[in-house]
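Single-structure report; data block below.
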Amino acid sequence: MRRLSIFNVVSLTIGFVFLYLPIILLVIYSFNAGRSVAVWGGWSTKWYSSVFENQQLLAASWVTLKVGVLSASVATVLGTLSALALARFGRFKGRTLFSAMVYAPLVMPEVITGLSLLLLFVSLNIDRGFWTIVLSHITFTMCFVAVVVQSRLSSFDRSIEEAALDLGCTPFMTFFRITLPIILPAVISGWMLAFTLSLDDFVIASFTTGPGATTLPMKIYSDVRLGIKPEINAICSLMIAVVTVTVMIASVMTKRQEVERERAERLAVAGR
Amino acid sequence: MQELIRRYGIGLSVVMAAMTAFWLFALVVIPNLVLFKFSFRVYLPVDQLGGPNDVYTLKNYLTFFTSPIHINVFFTTILYSSLVTGICLMITYPLAYVLAKVLKPTDTATFFLILLIPLWVSEILRSFAWFIILSNQGPLNALLMGIGLIDKPIRWISGYQSVIIGLVYAYILFMLFPIYNAISALDTNQIEASEDLGASMWRTHWRVVIPHSKPGIASGCVMVFMLCAGSVIVPSTLASTSSRWFTEIIQQWMFEGLDWNVGSAYAFLLLALCIVFVSLVMRLLNVRLVDIAK
């Protein structure tokens with residue numbers, strides 16, 4: 001095993017400090033008693049209580065949550081389906097085009113995705129607002145779900161599916177009783193990924209929104225630009241807390257499931 | 001196809017394929033075609049639509065090529081995006097190497113969890129954090145004055161320096177993960193062999209590790225450059241009035257100028273820039289698209 005040299009320790013430490021210090025500072029400044037975001041004026045929790053009295057912020061959070069849950073759920077279904085199509089159809093006609101369509105939003109600059117969707121909605125005379133944001137979020141998050149699920153599909157043993165079919169399961173039942181339970185962890189983490197992406201998105205939402213639908217990132221962005229109150233730090237810290245907890249749960253869950261799967265596979269091989 | 005039909009039944013597979021293909025076609029392919037078409041049309045008031053002025057034209061693209069300010073911003077965006085890409089590469093390469101080859105595999109999982117959390121914190125919050133740190137009476141100036149390095153606050157948020165810091169911070173992990181994946185696929189024995197044969201540390205990296213991790217480096221560079229060039233939030237939070245980003249001009253056409261046709265033409269230029277950059281990196285590092293996609 002190679003040893004940790006001083007150079008390595010230093011580069012690791014600097015890397016982690018660089019990554020975490022700004023976020024930690026943001027949280028610390030949410031307890032700032034002063035009226036300015038950047039000037040320290042002693043400890044206080046008053047901004048947290050003022051967040052819960054700010055109707056606009058609460059309304060924006062509610063819209064964001066609704067958009068997130070709705071779009072993540074549809075994106076998970078569609079993303080899983082496209083992953084199945086990509087992983088299981090083999091070489092069908094138009095596969096290259098299909099995979100290009102799935103992966104394009106992953107690499108396309110967000111401005112362009114947002115702009116092109118805006119122009120589509122305008123040309124179709126669709127009223128922009130809550131539902132156009134949901135549609136756009138489904139489209140750009142389903143690609144991420146597809147990637148996550150596809151990597152799980154490519155690593156699992158297909159003979160289990162074949163066994164179920166040979167034992168008389170209908171294809172439909174095979175999917176719901178064999179395939180889906182096996183890829184479920186990937187589907188769940190795909191959902192969480194889509195949900196967090198939707199919560200965070202500002203660019204696409206700002207292009208596709210209309211009057212009356214303001215999401216939390218849009219509210220934060222406009223508050224940051226137009227002179228700010230430390231209230232924003234408080235809501236940011238709350239968001240950081242939510243994200244941290246979600247990521248922790250997701251990773252612990254996948255870890256546990258991996259361990260269980262390995263044990264089950266070992267038992268199966270041992271013939272018990 | 002037959003295998004598939006046997007597996008899932010014809011009904012299920014047709015539904016699966018048709019639903020996703022339709023969705024993607026309607027919301028990925030068509031919008032981009034609409035964007036393309038818009039960029040060649042003239043912006044007209046509603047009553048003139050369909051009239052003699054409603055023609056296809058290159059005027060929107062000419063607006064860009066006849067505006068020195070916009071051309072200047074375009075090239076500045078390219079320059080600073082490349083700079084940010086370079087900085088990210090310099091910082092992450094040693095980090096990725098340590099994570100992939102020096103740490104124990106059991107520790108790496110924990111380190112990755114720690115690395116992932118900042119990635120999930122929204123881009124707005126992360127650039128806002130730097131806005132606080134770099135502001136005139138913010139913690140950085142307070143610290144520097146506290147130790148006596150400077151006597152009056154430095155204006156950090158001026159010019160492009162704050163944008164560069166913000167972009168590096170926002171996108172550095174997109175460089176780390178592909179390079180980490182590439183390096184961890186390298187057989188450690190090769191590094192040891194190179195060392196046993198007397199190569200210095202630098203030479204081992206230059207001749208063994210870097211050539212092996214080229215696809216990872218390429219995909220990291222592509223990701224970071226494209227994210228930087230297309231970034232909206234970081235430049236608009238951290239830039240001063242003197243430093244502008246190409247996406248801000250697109251936004252200006254869309255939301256302030258309300259000339260969506262010129263805006264689409266500019267967006268298309270951005271897309272073209274990204275495509276050129278991807279092919280340039282592939283040529284430069286001599287990798288194929290398939291390697292990057294991994």
Side-chain angles (χ1 to χ4, degrees), chain A residues 1-2 4 8 11-12 15-16 18-20 22-23 25-26 29 37-39 78 81-82 84-85 88-90 92 98 101-102 104-105 107 109-112 115-117 119-120 123 135 139 161 165 170-172 174-175 196 199-200 202-203 217 220-221 224-225 236 239-240 243-244 247 251, chain B residues 1 3-4 6-9 12 16-17 19-21 23-25 27-32 34-35 38 94-95 98 101-102 113-118 120-126 128-133 135 137-139 169 226 229-230 232-233 237 247 250 254 260 263-264 267 270-271 274:
Chain A
M1 200 71 231
R2 357 203 84 243
L4 273 171
N8 290 337
S11 64
L12 268 183
F16 283 107
F18 179 66
L19 281 175
Y20 273 92
I23 296 176
L25 269 172
L26 188 67
Y29 270 76
V37 268
V39 187
L78 287 172
L81 289 182
S82 43
L84 280 168
R88 288 300 148 82
F89 277 28
F92 60 93
F98 187 73
M101 285 198 296
V102 173
V107 288
E110 279 177 315
V111 197
I112 292 175
L115 193 55
S116 64
L117 284 164
L119 295 179
L120 176 81
S123 351
L135 270 180
T139 311
E161 276 180 351
L165 288 166
T170 61
F172 197 73
T174 311
F175 176 75
T196 29
L199 287 193
D200 281 355
F202 162 75
V203 179
I220 293 176
Y221 178 82
V224 168
R225 295 212 84 182
C236 291
M239 277 173 85
I240 292 172
V243 167
T244 312
V247 174
S251 70
Chain B
M1 268 322 244
E3 189 201 25
L4 169 89
R6 192 172 67 85
R7 282 228 173 106
Y8 293 112
L12 200 61
M16 257 163 54
M19 258 178 79
T20 47
W23 186 280
L24 288 167
F25 191 74
L27 287 156
V28 178
V29 179
I30 292 185
N32 280 292
V34 172
L35 178 73
F38 255 75
L95 205 60
V98 173
K101 288 290 163 212
V102 182
L113 180 60
I114 300 174
L115 282 175
L116 267 174
I117 292 171
W120 287 130
V121 174
S122 161
E123 213 180 306
I124 296 186
L125 306 195
R126 286 184 287 165
F128 178 46
W130 279 101
F131 179 82
I132 295 177
I133 296 174
S135 56
Q137 292 171 294
Y169 184 66
M226 293 191 28
V232 173
I233 295 162
T237 321
T247 48
I250 299 179
M254 298 305 291
W260 291 357
S264 321
L270 180 68
L271 191 62
C274 291

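Lettering follows sequence order; numbering is per chain, from 1. Computation of the quantities below employed the complete heavy-atom set of this structure, encompassing side-chain atoms and omitting hydrogens, waters and symmetry-equivalent molecules.
Using a 4.5 Å cut-off between heavy atoms, A:Thr139 contacts chain B through both its backbone and its side chain. Only the side chain of B:Ile250 comes within contact range of chain A, judged by heavy atoms closer than 4.5 Å. At a 4.5 Å heavy-atom cutoff, the contact between A:Ser82 and chain B is made by backbone and side-chain atoms alike. Proximity to chain A (any heavy atom under 4.5 Å) is shown, for B:Leu125, by both the backbone and the side chain. With a 4.5 angstrom heavy-atom cutoff, B:Phe38 touches chain A only via side-chain atoms.
For chain A, the option among B:Ala267, B:Ser264, B:Pro118 with the highest count of heavy-atom pairs below 4.5 Å is B:Pro118. Of the listed residues (A:Leu120, A:Leu115, A:Leu119), the greatest number of heavy-atom pairs within a distance under 4.5 Å of chain B belongs to A:Leu119. With chain B as the partner, the residue from A:Leu135, A:Ile240, A:Ile112 showing the most heavy-atom pairs under 4.5 Å is A:Ile112.
Under the ring pair (Phe, Tyr, Trp, His ring centres under 6.0 Å) criterion, B:Phe25 pairs with no residue, sequence neighbours left out. Partners of A:Tyr221 by ring pair (Phe, Tyr, Trp, His ring centres under 6.0 Å), not counting sequence neighbours, listed by chain and number: A:Phe202.
A pairwise comparison of heavy atoms in A:Pro217 and B:Ile124 identifies O-CD1, 3.3 Å as the closest pair. Here the shortest heavy-atom pairing between A:Val111 and B:Gly230 reads CG2-O, 3.3 Å.
Ring planes of A:Phe18 and B:Trp130: tilted class, angle from 30 to 60°.
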So A:Leu19 and B:Ile114, side chain to side chain contact (heavy atoms under 4.5 Å, CB included) or not? Walk me through it. CA-CA 10 Å; A:Leu19 281 175; B:Ile114 300 174; over 6 Å; no
Report the C-alpha distance between B:Ile132 and A:Leu25 in whole Å, list the side-chain angles of each, state the deciding distance to 0.1 Å, and finish with yes or no for side chain to side chain contact (heavy atoms under 4.5 Å, CB included). CA-CA 8 Å; B:Ile132 295 177; A:Leu25 269 172; 6.0 Å; no
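To the nearest 0.5 Å, atom CD1 of residue B:Ile30 and atom CG of residue A:Leu117 are 11.5 Å apart. Atom OG1 of B:Thr237 sits about 11.0 Å away from atom CD1 of A:Ile220, to the nearest 0.5 Å.
Taking 4.5 Å as the limit, some side-chain heavy atom of B:Leu271 sits within range of a side-chain heavy atom of A:Pro109.
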